[in-house]
Amino acid sequence: DQQVKQNSPSLSVQEGRISILNCDYTNSMFDYFLWYKKYPAEGPTFLISISSIKDKNEDGRFTVFLNKSAKHLSLHIVPSQPGDSAVYFCAAIPLSGSARQLTFGSGTQLTVLP
Amino acid sequence: DTEVTQTPKHLVMGMTNKKSLKCEQHMGHRAMYWYKQKAKKPPELMFVYSYEKLSINESVPSRFSPECPNSSLLNLHLHALQPEDSALYLCASSLHPGGGYGELFFGEGSRLTVL
């Protein structure tokens, strides 16, 4: 049973527009959420995170929104750039958890078209 | 230095071979991890070392043998692997083994092909 779900395996967006990547979770004990970006033949790179005490965290072009009641988070990229084309993994950690307990979603392939 | 370095980047081996994957970090991180990732799947945790001691073994077959010679190095020894073990093997590190917030730093991975 997948506790972290990314239901869209792929997403295509025009350069300059907004990319919205979605993630749902089922475990109500998750209280810290992360997004990782992965290029082909490279390891995942930490992108942005959010604690459950917040509903929004922003870092440059990247914003993560958390809706705890809906157990849903999303990553917004504005404006999207061709270099953003990569696989994006959502990940979650439970309360008082450690990095060992990181649970990954299955990933969404984002393609930004020039 | 904010890198996790993995060697080799690519490895092809037969089922009777013995080989090793190597991982190195100089960020002073005290936890190091091995993950396995198949195509279009999320990374799966294999092993965790905390302060150079093996703390987690996620029921990994004994043909995979981890080793942590010191706080900066992590090896994965491979012996008698099967073709289904072909995958991208990712090393990661984090500042704290426990109570941290999961900001793992990943290496680029070692692409393993077992013939």
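In what follows, chains carry the letters A, B, and so on, assigned in the order in which the sequence lines appear, proteins first and then strands, with residues in each chain numbered from 1.
- Residues passing the salt bridge (Lys or Arg N to Asp or Glu O under 4.0 Å) test with B:Glu52, sequence neighbours excluded: B:Arg30.
- Proximity to chain B (any heavy atom under 4.5 Å) is shown, for A:Thr45, by neither the backbone nor the side chain.
- A distance of 13.0 Å separates CE in B:Met32 from CG in B:Leu54, rounded to the nearest 0.5 Å.
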Please walk me through it: do A:Lys68 and A:Asp31 pass salt bridge (charged side-chain N to carboxylate O under 4.0 Å, His left out)? CA-CA 9 Å; A:Lys68 281 194 70 177; A:Asp31 83 326; over 6 Å; no

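- In this structure, A:Val13 and A:Ile77 have side chains that are not in contact, with every pair of non-hydrogen atoms separated by 4.5 Å or more.
- With a 4.5 Å cut-off on non-hydrogen atoms, B:Glu58 touches chain A through its side chain but not through its backbone.
- Defined by atom type and a distance below 3.5 Å, a donor-acceptor pair is missing between the side-chain atoms of A:Tyr39 and A:Ser85.
- Side-chain atoms of B:Trp34 come within 3.5 Å of backbone atoms of B:Asn75 as a donor-acceptor pair (strictly under, hydrogens ignored).
- Residue B:Glu44 does not touch chain A at all, counting heavy-atom pairs closer than 4.5 Å.
- Proximity to chain A at a heavy-atom threshold of 4.5 Å picks out nothing from residues 61-69 of chain B.
- Two residues are said to be in side-chain contact when any heavy atoms from C-beta on lie closer than 4.5 Å; B:Met13 and B:Leu112 meet this criterion.
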